[in-house]
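Below you'll find the structure, written out as structure tokens, and then a few comments.
Given the structure is predicted, the values throughout are model-derived calculations rather than measurements.
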Amino acid sequence: MLATLINKLFLEPKTTALMIKRYSYEKEHGYGDDIGPIKDEAFKKDETYVRMTHEFCMVHGFTSMANILSYTGCILHLWYLTRSQLLAI
């Protein structure tokens, strides 16, 4: 439950804000309407874009880990409940 709260209150809003900031930066430079990865190698090496992409990927990774921890906690809780019900029978 703690992983879910951290994700909901801190990580998810930051991830969304970084994603919107990155998309707006892409649109400013004429990208963002294309489907798939950006093919312009010079833009991919732009210092600001690289920094934003790195920060987004790092926070997104933490969000994914928090989700996995949350799912694991739910599965362990269900296992505990099932085990206690089976032992009561």
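- Grouping the Ile, Leu, Val, Met, Phe, Trp and Tyr side chains by contacts below 4.5 angstrom, directly or via other members, places Ile68 apart from Phe10.
- For Phe43, the side chain to side chain contact (heavy atoms under 4.5 Å, CB included) test picks out Tyr25, Glu26, His29, Tyr31, Ile38, Asp40, Asp46, Tyr49, with sequence neighbours left out.
- Take Ser64 and apply the side chain to side chain donor-acceptor pair (under 3.5 Å) test, not counting sequence neighbours, and it matches no residue.
- A salt bridge does not link Lys21 with Glu55: none of the charged nitrogens is closer than 4.0 Å to a carboxylate oxygen.
- A distance-only check finds no donor-acceptor pair linking the side chain of Ser70 to the backbone of Ala66 [under 3.5 Å].
- Across every non-hydrogen atom of Leu11 and Val59, the tightest pair is O-CG1, 3.9 Å.
- Grouping the Ile, Leu, Val, Met, Phe, Trp and Tyr side chains by contacts below 4.5 angstrom, directly or via other members, places Met52 apart from Phe56.
- In the hydrophobic clustering of ILVMFWY residues, with side-chain heavy atoms under 4.5 Å counting as a link, Met65 and Leu2 come out together.
- A distance of 10.5 Å separates OG1 of Thr15 from CE of Met58, quoted to the nearest 0.5 Å.
- Closest heavy-atom contact between Lys44 and Val50: O-CG2, 3.0 Å.
- Separating the CG atom in Leu9 from the NZ atom in Lys14 is a distance of 15.0 Å, to the nearest 0.5 Å.
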Without placing hydrogens or testing angles, list every side-chain donor-acceptor pair under 3.5 Å for residues 73-83, not counting sequence neighbours.
from  : atom 1 : to    : atom 2 : distance (Å)
Thr82 : OG1    : Leu78 : O      : 2.8

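- Glu28 and Ser24 share no donor-acceptor pair across their side chains, judged by distance under 3.5 Å alone.
- There is no path of hydrophobic side-chain contacts, each under 4.5 Å, that joins Leu5 to Phe62.
- Going from atom NE2 of His60 over to atom OG1 of Thr53 covers 13.0 Å, rounded to the nearest 0.5 Å.
- Interatomic distance, Arg22 CZ to Thr48 OG1, rounded to the nearest 0.5 Å: 13.0 Å.
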